[in-house]
Amino acid sequence: MKRGAPGLWAAALSVYAFLYVPLAIVVLFSFNDSMLSAEWVGFTTRWYATLFADQQMLDAAANSLFIALSAASLSTVLGTMAGLAMARRRSAWLGGLPLLVLGPVAMPELLLGVSLLLFFRQVLDLTLGLLSILIAHVTFSIGFVAVVVRSSLAMLDESIFEAARDLGASSWQTFRHVTLPLIRPAVLAGFLMSFTLSIDDFVITFFVAGVGVTTLPLQIYSLIKVAVTPEINAVSTLLMALTLTLIALAAKLAPDALKGRL
Amino acid sequence: MIEPRHRQRAAASRGSPNGWLLGAPPAVFLLVFFLAPALLMVGASFQEPGEFGGLAPLLQDGRLNLSLESYRFFFGDRIYAEIFLRSFIVAAATTLICLMLAYPLALAIAQSAKRRRDLLVLLVILPFASNFLIRIYAWIVLLGPAGLLYTPGAVIAGMVYVHLPFMVLPLYANLEKHDPALLEAAQDLGAGRWTRFRRITLPLSLPGVWAGSALVFIPVLGMFAVPELLGGTRDMLIGNLIKEQFLDNRDWPLGASLSILLTVGVLLLAGLSAWSARPRRSVP
């Protein structure tokens, strides 16, 4: 393979620097012994201590965790069902399902957020809070789970289902003992993806959270709006570490299904 | 030979019980929480604002309370046209800068050794995995001490940073498929490095350029957090305008009609981009 021009590599390296330097600075200043994120003074972990003593931040983190766990569980169940249904070929009415499932993924977040706000307040007269956030997160996560599950089903050899039938398994037994074990990694990857999407979501949550409930991104947003503090650097660093771990885990479970879908 | 019926059924069922039973719960959930709200938004754009915010009752004094008032309002005030225009300019500038940064990167990755490509692509996606707000916040930390915050330049820098991978990935997917034999043939025929790029690589990569541009341009239009955190009061874009109608002014019909206009604009652009990137007959 022929190598590119050295000028091309210099350009590529500076774009990599553009991608990483800003985030590296956030991580670096989370350990800086100074209130100002302007120059390096000395190493400290006190901003992490401040963070774990900040009750508002801890409440927001607890809300985020609760919502992410419930939203991921619900969207894994609904998304897996949708993925299984979409993998079947002979079912006329299911033709619209992919549109329904992928619609929220393709729709701009802002529009999904305001349309849900409109719906919750105008039609359901629901008080905004944990429940409205949970429903919104499930709505946009189902598609991600469904796509991963469907693509893992598409890779299976159909003859194994025939074999199960020939050996006398009912359709439920086939599902329980053949299909489910085979798609388990994809289902788990879908769960981790929806967990990550939920814990990271800002835009949609912003519209459907109401006044009483905050999540981690909403709390970070309200802090950023006021001032730059090392505490934000610390919470950002922890959140980055968490997201990276979850994505690495999901990628390990279903490497092919996740390729190019981050 | 005709396959036994139970085999046909087994293959069609793909190893799961009743398809429509499986499909029904997610379908119902999404009909209620995705399709109904989307349709409601279209309806709301033709309603009138309520006395205390929200929507006025649909039926009033026995007549249907629908009007084009919100749309008339939008087209009647220059300020809205200016914000839409400014949003399209910011989106175009962001797209152009993303293209200039992403092209050399995607080309370098596509020309590197095969075993290294996956890693190099992963390195592009990785920062993208950090929270969206943190990526904006990084620019507050970076630009704040230099006194560059709250300017149109800061907004565009933030927009480029948040959207860059959307441009790199489709470009790379395109460039990676180019046949190196084409470039070798051109070189044998005496074409220089620049001519080879201009006459072969660039024209072949245009579908990737269009795809990446759509993936950057469209989300920039709906972004409200970047202008709000990095821009000044004069840097308001469509996203901020819509957010303001729903949360601050509580003029929901206007917010809904702005959303509909944005959607129409986005769909037109997406259609245009799909048309530009359509596969063409290439020279064999």
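Order of the sequence lines fixes the chain letters, A, B, ..., with proteins taken first and strands second; residue numbering starts at 1 for each chain.
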Can you find a pair of side-chain heavy atoms, one from A:Asp200 and one from B:Phe132, that are under 4.5 Å apart?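 Heavy-atom side-chain distance check fails, nothing below 4.5 Å.
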Report the relative orientation of the aromatic rings in A:Phe202 and B:Phe224; use parallel for angles under 30°, tilted for 30 to 60°, perpendicular for over 60°. tilted
[atom2] on [Y] to [atom1] on [X], rounded to 0.5 Å:
X: A:Lys225; Y: B:Leu229; atom1: NZ; atom2: CG; result: 6.5 Å
X: A:Leu110; Y: B:Leu262; atom1: CG; atom2: CG; result: 7.0 Å
X: B:Leu126; Y: A:Leu19; atom1: CG; atom2: CG; result: 10.0 Å
X: B:Leu133; Y: A:Leu239; atom1: CG; atom2: CG; result: 9.5 Å
X: B:Asn131; Y: A:Thr196; atom1: CG; atom2: OG1; result: 11.5 Å
X: A:Thr243; Y: B:Ile134; atom1: OG1; atom2: CD1; result: 7.0 Å

Using heavy-atom distances under 4.5 Å, tell me whether [X] contacts chain B through its side chain, its backbone, both, or neither.
X: A:Ala82; result: both
X: A:Leu124; result: side chain
X: A:Leu23; result: both
X: A:Phe120; result: side chain
X: A:Pro108; result: neither
X: A:Ile135; result: both

Which of B:Trp252, B:Tyr161, B:Tyr103 touches chain A most, by non-hydrogen pairs under 4.5 Å: B:Tyr161
Options B:Leu142, B:Ile140, B:Leu247, ranked by heavy-atom pairs under 4.5 Å with chain A, top entry: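 If we count pairs closer than 4.5 Å to chain A, B:Leu247 comes out on top.
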Please tabulate, one pair per line, all N/O donor-acceptor pairs under 3.5 Å involving side-chain atoms of residues 21-41 of chain B, not counting sequence neighbours.
none

Look at [options] and state which one has the largest set of heavy-atom pairs under 4.5 Å with chain B.
options: A:Leu246, A:Ile199, A:Leu116, A:Thr80; value: A:Leu116
options: A:Val123, A:Leu117, A:Val178, A:Leu99; value: A:Leu117
options: A:Val114, A:Leu112, A:Ile25, A:Leu216; value: A:Val114

So, using side chain to side chain contact (heavy atoms under 4.5 Å, CB included) as the criterion, who are the partners of A:Leu223 when residues are at least two apart? A:Met57, A:Gln219, A:Ile232
Applying side-chain hydrogen bond (donor to acceptor under 3.5 Å, both in side chains) as the test, list every pair that has at least one member in residues 165-174 of chain B; sequence neighbours left out.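 Sorted result for residues 165-174 of chain B: B:Asn174-B:His178.
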Taking all atoms of both residues into account, what is the closest heavy-atom pair of [X] and [Y], and its distance?
X: A:Thr229; Y: B:Tyr137; value: O-OH, 3.3 Å
X: B:Ala108; Y: A:Ala12; value: CB-CB, 3.7 Å
X: A:Leu111; Y: B:Ser259; value: CD2-CB, 3.4 Å

For chain A, which residues of residues 239-246 of chain B have at least one non-hydrogen atom nearer than 4.5 Å to it?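 Residues of residues 239-246 of chain B touching chain A at under 4.5 Å: B:Gly239, B:Ile242, B:Lys243, B:Phe246.
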Checking heavy atoms, do the side chain of B:Leu221, its backbone, both or neither come under 4.5 Å from chain A? neither
Segment of B:Leu101 engaging chain A (4.5 angstrom heavy-atom cut-off): both
Within the distance-only criterion (no hydrogens, no angle test), does the side chain of A:Tyr20 pair as donor or acceptor with the backbone N or O of B:Leu123 below 3.5 angstrom? yes
Report yes or no: does A:Tyr16 contribute a side-chain atom to a donor-acceptor pair with the main-chain N or O of B:Val124 at less than 3.5 Å? no
